[in-house]
Amino acid sequence: MLNTKIYLLPLGVYLTSVLSLNAQDNPNPEVDLSNTSNFVTVNIPQSPEASVTINQDPKIKRLLDIKTKMEKSGDFSDRYKIQLYYGNLNKANEIMKSSKESFSQWDSSIKWETPNYKVWLGNFRNRLEADRALKEIHTKFPSAFIFKPEQ
């Protein structure tokens with residue numbers, strides 16, 4: 001390490017003096033490229049083009065398609081629903097049948113929560129959609145209300 005410092009100091013002094021002499025000889029501060037004896041030609045090889053090959057199981061594509069469909073249908077996200085009824089199974093089946101006839105544009109389902117059944121309607125992306133639907137649903141089911149189910 002010490003020997004390297006001994007050689008670097010004189011080299012630095014030499015380079016500084018050569019550069020200052022060249023600057024005095026050339027009053028034009030631009031670089032003079034006509035004298036190429038001070039330059040060394042360097043050839044830099046071109047790097048090859050990179051390519052990536054991905055080997056993927058075809059089941060991954062199918063799973064991604066299923067996930068996309070589930071996200072569009074709202075199975076993963078926070079959605080709003082409208083509850084039409086809470087009570088016994090026979091009445092819940094009647095309400096569900098009636099809701100399917102009256103409001104076929106929305107899916108209806110029966111959920112069981114001890115000891116009663118619930119009839120849910122729709123799968124709304126936001127509260128505004130649910131409010132618009134509720135306004136229409138109140139004509140047939142005045143006790144219906146909007147809620148956000150816990151996942």
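For the numbers below, each heavy atom of this structure counts, side chains included, while hydrogens, waters and symmetry mates do not.
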Is it true that Arg127 and Asp131 have a side-chain N and a carboxylate O under 4.0 angstrom from each other?
yes

Rounded to the nearest 0.5 angstrom, the CD1-CG distance for Ile95 and Leu121 is 11.5 Å

For Glu94, the salt bridge (Lys or Arg N to Asp or Glu O under 4.0 Å) test, sequence neighbours excluded, returns none

With a 4.5 Å limit on heavy-atom distance, are the side chains of Lys81 and Ile146 in contact? no

When every non-hydrogen atom of Arg125 is compared with those of Arg79, the smallest separation belongs to CG-NH1, 3.0 Å

dist Phe145:CZ -> Leu134:CG (nearest 0.5 Å) comes out at 10.0 Å

**Item:** Under 3.5 Å: donor-acceptor pair, side chain of Ser104, backbone of Lys100
**Value:** no

Phe147 meets the ring pair (Phe, Tyr, Trp, His ring centres under 6.0 Å) criterion, sequence neighbours left out, with Trp120

Rounded to the nearest 0.5 Å, the NZ atom of Lys140 sits from the CD atom of Glu101 at a distance of 7.5 Å

Separation between OG (Ser99) and OH (Tyr85), nearest 0.5 Å, reads 13.0 Å

In terms of heavy-atom contacts, Ser143 and Leu84 come closest through OG-O, 4.0 Å

Taken to the nearest 0.5 Å, the spacing of Leu63 CG from Met70 CE works out to 11.0 Å

side-chain contact (heavy atoms from CB on, under 4.5 Å) filter on Gln105, not counting sequence neighbours, yields Phe103, Glu136

What do the steps show when you test Asp65 against Lys61 for salt bridge (charged side-chain N to carboxylate O under 4.0 Å, His left out), and what is the final call?
CA-CA 6 Å; Asp65 291 340; Lys61 174 74 171 133; 3.4 Å; yes

Any chain of hydrophobic side-chain contacts (each under 4.5 Å) joining Leu64 to Ile66? no

Sorted by chain and residue number, the side-chain contact (heavy atoms from CB on, under 4.5 Å) partners of Asn116 (sequence neighbours excluded) come out as Tyr86

Applying ring pair (Phe, Tyr, Trp, His ring centres under 6.0 Å) to Phe124 and not counting sequence neighbours gives Trp106

Heavy-atom closest pair (Ile82 atom, Ala144 atom, distance to 0.1 Å) is CG2-CB, 3.8 Å

Output for pair (Ile110 CD1, Asn93 CG), nearest 0.5 Å, gives 4.0 Å

- Does Asn88 use its side chain to pair, donor to acceptor, with the backbone of Lys91 at less than 3.5 Å? yes

Residues passing the salt bridge (Lys or Arg N to Asp or Glu O under 4.0 Å) test with Glu113, sequence neighbours excluded, are Lys118

